[in-house]
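Since we're looking at a predicted model, the values are computed, not measured.
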Amino acid sequence: SHSLAHFKQVHAHILRSTHSPSHSLILKLLSSPSLPYSLSIFSHLPHPLPSLSTPFLRHLSRSSKPEFAFFVYQRLRNEGIPIDRFAFPPLLKAASRVGWLAEGKEIHGFGFKSGFHSDPFVQTGLMVMYVGCGRLPEARLVFDKMSYRDIVAWRIMIDGYCQSELFDDALELFEEMKRANIEADKFVLSSILSACGRAGNLDCGKAIHDYIIQKELVIDAHLRCALVTMYASCGCMDMAQQLYDQMIPKNVVVSTAMVSGYSRHGRVKDARLIFDQMVEKDLVSWSAMISGYAESDQPQEALRLFNELQILGIGPDQVTMLSVISACANLGVLDKAKWIHVYADKNGFGGSLRINNALIDMYAKCGSLERARNVFEKMTSRNVISWTSMINAFAIHGDANNALRYFQKMKEACVEPNGVTFVGMLYACSHAGLVEEGRKIFASMINEHNITPKHEHYGCMVDLFGRANLLREAVEIVETMPFAPNVVIWGSLMSACKIHGETELGEFTAKRVLELEPDHDGALVLLSNIYAKERKWKNVGDLRQLMKERGICKERGCSRIELNDEVHEFLVADRNHKQAYEIYEKLNEVVSRLKLDGYAPNTGCVLVDLEEEEKREVVLWHSEKLALCYGLINGAKDSCIRIVKNLRVCEDCHTFLKLVSKVYRREIVVRDRTRFHHYRDGVCSCRDYW
């Protein structure tokens, strides 16, 4: 009977029959298409024996409403009807599935009183219940008290550790299992391989693979999938690919693991190759590929793939949306950010804490501090990430006063700041020249909040002192740190030396960077620039020859601007754009107008051995100037021009953009490598302190 109406007709026929229904017929009646109807039938059975109640409990524990098993249990207890030991596993399974710890503990107590506490079936059921309710210590206590542990008991305990991300405990228990001479089955091995992959423990994963080979276990599709996923998660892509190639057919799970593995380790082209070859793709596959592009600095590809997902009519989940929002944040295009926000709200993500936190970050990186703040203020609940995202938003926009104000509000809201919050606060102070406030915040982190400073906090302090030309104090921080300075800290000091013309200390710090990272392009370029400023052209030539031999290239300046839903990218001296002729004509016009206001190209930032006229051309053809001129040609007259640049804005471009904002009466927002510059009426929000 597939319908309840038909089932009731059959039931009525049985009731009219002169014969009493058999035991097997009653069991079939208890398996009706309606669980409430089954419960009703059971409630009318006089004094049901365990031969009826236990199979019914098993049926309910596997159903869509496992909690109904407790109605049966309550009746049996209330009426004093016998409950045998086989009833405990389904009852405990039901408690596990709905997470009812209190009911599970009551059954545990009843089992103990009934003398079943040492029964292996009951003990295994107790482990399932405690693992399902997230109580690993209690599960382990039951496990340790078992007089006999079969492979199922070991598997449940290992799975429990893996589900709770206690991977070291899972691996330790597996070693204990081997010492007990228990042969692992493919399910235990799959769980352990998953633990190795998620913990990034390649050595242990290889040892498990060797164990499988040594024991001559059959590597079926399930186990091969686990091996591929482990190697991919640990970044051993060659081995993962080798095992993957041996799989026929290749299922969606293992293919997605390969996409994620390649993406996570920067091999996005290989990830896309696997993705395109997949016969079947689910939402997880699409999300993995979108995330790969978003995290590999290819935001446009991530958004393009998201558009394909929409065309196919596949609705995104929260993971997909977070990747899309991240891609939009990296792209830095405000119009696209607005569209993503509307899309998130329309598709039911507006109330998600994680989505709102990501939206704050997205709007901040797309240049709209106001919209970031609006998202924050409308949130019904906020966590430490919400406050930290808002503080970081103020920091990258140079609004240190609001960063300090919101930090105070955060503490008043009884939200405890974490290490990331203090990085944002120190960054805000550093980029606003608030040295004393930075000192106080650093001290409060240690003394009031008991947070031990890490490399990034010391790096912020070095940057704070370095920008303020307090180089002696910056050096003192480096020398008194409780651990060796890393590349970032030496790099901060090196950059400060460049800004303040401290060539001797700059050369020293650049060499320290190269000791830690010999192919560090930034250090080699900066060292070359120091020599160039001193006109030591031979040293410059030697360094550039070294870079050429090692295949090290200085990152090229690239600026992008969005107009009419299209993103346009420009490189230095770029002539590939379809409007290149118009752009350079506009650039000449702008330069002529600015010269009337006193502008003269600053060639001091051109650190190559060129004639002065050639240097002027190099400066004037910087990518952000080309993007700006494109915006002046094609943008609406009163619209804000928004530019995203991959490198720090040079001194000449900074002056140039300030003057354009004044002469052309245009608001210009530029996001460079470290912060935002808001140009308005000839003034920049950074107050020339960047």
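In the displayed structure, Asn307 atom CG is contacted under 6.0 Å by more than 12 heavy atoms of other residues, nucleotides or ligands. Applying the 6.0 Å contact sphere to CG of Asp297 captures no more than 12 heavy atoms from other residues, nucleotides or ligands. Sparse packing is recorded around CD of Glu504, with 12 or fewer heavy atoms of other residues, nucleotides or ligands lying under 6.0 Å away. Around the CZ atom of Arg680, the shell of radius 6.0 Å holds no more than 12 heavy atoms that belong to other residues, nucleotides or ligands. Residue-environment remark: NZ (Lys411) exceeds the threshold of 12 foreign heavy atoms within 6.0 Å. Counting non-hydrogen atoms of neighbouring residues, nucleotides and ligands closer than 6.0 angstrom, the NZ atom of Lys625 exceeds 12 such neighbours. When the shell of 6.0 Å around CZ of Arg354 is examined, it contains 12 or fewer heavy atoms from other residues, nucleotides or ligands.
Distance CG/Asn383 to CG/Asn418: 9.5 Å, rounded to 0.5 Å. To the nearest 0.5 Å, the span separating CZ on Phe508 from CH2 on Trp490 amounts to 4.5 Å. In this structure, CG in Leu309 is found 13.0 Å from CE in Met289, a value given to the nearest 0.5 Å. To the nearest 0.5 Å, the span separating CG on Asn392 from NZ on Lys365 amounts to 8.5 Å. The CE atom of Met362 lies 11.0 Å from the CG atom of Leu331; values are rounded to the nearest 0.5 Å. Once rounded to the nearest 0.5 Å, the distance linking CG of Asn330 with CD1 of Ile325 reads 12.0 Å.
Contact of the Ser685 side chain with the Phe676 side chain is not registered, since no non-hydrogen atoms from C-beta on lie closer than 4.5 Å. When side chains are defined from C-beta on, Thr320 counts as touching Ile290, because their heavy atoms get closer than 4.5 Å. The shortest distance between side-chain heavy atoms of Val644 and Ser559 does not fall below 4.5 Å. Counting heavy atoms from C-beta outward, Glu416 and His449 have side chains that approach closer than 4.5 Å.
Side chain to side chain, Arg405 and Asn402 meet the donor-acceptor criterion of an N or O pair below 3.5 Å. Side-chain polar atoms of Glu370 and Tyr363 form no donor-acceptor pair below 3.5 angstrom. Side-chain contact, His568 with Glu562: no donor N or O sits under 3.5 Å from an acceptor N or O. Side-chain contact annotation: Asp652 with His622, donor-acceptor N/O pair under 3.5 Å absent. Gln318 and Ser352 are linked by a side-chain donor-acceptor pair at a separation below 3.5 angstrom, with hydrogens and angles left out of the test. In this model, no donor atom of one side chain and acceptor atom of the other lie less than 3.5 Å apart for Arg575 and Tyr581. Side-chain polar atoms of Asn357 and Ser389 form no donor-acceptor pair below 3.5 angstrom.
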Run the side-chain contact (heavy atoms from CB on, under 4.5 Å) test on Tyr679 and Ile641 for me, step by step, so that the C-alpha distance in whole Å, both residues' side-chain angles and the decisive distance to 0.1 Å come before the verdict. CA-CA 10 Å; Tyr679 301 95; Ile641 297 174; over 6 Å; no

Step by step, work out the side-chain contact (heavy atoms from CB on, under 4.5 Å) result for Met494 and Leu527. CA-CA 9 Å; Met494 183 175 67; Leu527 196 57; over 6 Å; no

Working for side-chain contact (heavy atoms from CB on, under 4.5 Å), residues Ile489 and Asn486: CA-CA 6 Å; Ile489 290 172; Asn486 61 13; 3.4 Å; yes

Please report the C-alpha distance between Leu471 and Phe465 in whole Å, then the side-chain angles of each, then the deciding distance to 0.1 Å, and finally whether the side-chain contact (heavy atoms from CB on, under 4.5 Å) criterion is met. CA-CA 6 Å; Leu471 294 175; Phe465 291 132; over 6 Å; no

Test log, rule side chain to side chain donor-acceptor pair (under 3.5 Å), inputs Thr655 and Glu651: CA-CA 6 Å; Thr655 302; Glu651 292 173 25; over 6 Å; no

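Between Gly631 and Leu563 the shortest heavy-atom distance is CA-CD1, 4.2 Å. Smallest separation of non-hydrogen atoms from Cys366 and Cys328: SG-O, 3.6 Å. For Leu334 against Ser368, the heavy-atom pair with the smallest separation is CD1-CB, 3.7 Å. When all heavy atoms are compared, the tightest approach of Arg467 to Ala496 is N-CB, 4.5 Å. The minimum heavy-atom distance linking Ala395 with Gly424 is given by the pair CB-O, 3.6 Å. For the residue pair Gly438 and Met461, the shortest heavy atom distance occurs at O-SD, 4.1 Å.
Partner of His678 under the side chain to side chain contact (heavy atoms under 4.5 Å, CB included) criterion, chosen from Val683, Asp399, Val669, Ile668: Val669. Tested against Trp387, the residues Phe394, Phe376, Phe407 include a single ring pair (Phe, Tyr, Trp, His ring centres under 6.0 Å) partner, Phe376. Checking Tyr343, Tyr293, Trp286 one by one against Phe306, the ring pair (Phe, Tyr, Trp, His ring centres under 6.0 Å) holds for a single residue, Tyr343. Here the options are His397, His654, His431, the test is ring pair (Phe, Tyr, Trp, His ring centres under 6.0 Å), and the partner is His677; only His654 passes.
By the 4.0 Å N-to-carboxylate-O rule, Arg593 lies too far from Asp597 to be salt-bridged with it. Under 4.0 Å is where a charged nitrogen must lie from a carboxylate oxygen, and between Lys440 and Glu437 no such pair does. Electrostatic pairing of Arg666 and Asp638 does not count as a salt bridge here, judged by no charged N lying under 4.0 Å from a carboxylate O. Contact check on Glu507 versus Arg512 returns no salt bridge, with no Lys/Arg side-chain nitrogen under 4.0 Å from an Asp/Glu carboxylate oxygen. Here Lys409 does not pair with Glu412 in a salt bridge; the nearest charged N to carboxylate O distance is not below 4.0 Å.
With Arg673 contributing its side chain and Asn646 its backbone, the two residues share a donor-acceptor pair below 3.5 Å. Remark: side-chain polar atoms of Asn564 are not paired, donor with acceptor, to backbone N or O of Glu566 under 3.5 angstrom. Remark: the backbone N or O of His500 is not paired with any side-chain donor or acceptor of Asn469 at under 3.5 angstrom. Within the 3.5 Å criterion, the main-chain N or O of Ser287 finds no donor-acceptor partner in the side chain of Ser291. Looking at Ser263, its side chain never comes within 3.5 Å of a backbone N or O of Ser260 through a donor-acceptor pair. Under a 3.5 Å cut-off, the side chain of Ser444 and the backbone N or O of Ile441 do form a donor-acceptor pair. Under the 3.5 Å distance criterion, the side-chain polar atoms of Asn356 are left unmatched by any main-chain donor or acceptor of Val375. Judged by distance alone, with hydrogens and angles left aside, the side-chain atoms of Ser326 form no donor-acceptor pair with the main-chain N or O of Leu322 at under 3.5 Å. Listed for the Asp574 side chain is a donor-acceptor partner under 3.5 Å among the backbone atoms of Leu571. Side chain of Ser528 to main chain of Leu524: no donor-acceptor pair is present (N/O by atom type, distance under 3.5 Å, no hydrogens or angles).
Centroid-to-centroid, the aromatic rings of Tyr458 and Phe483 come within less than 6.0 Å. Taking the six-membered ring where the residue is Trp, the centroids of Phe570 and His577 are separated by under 6.0 Å.
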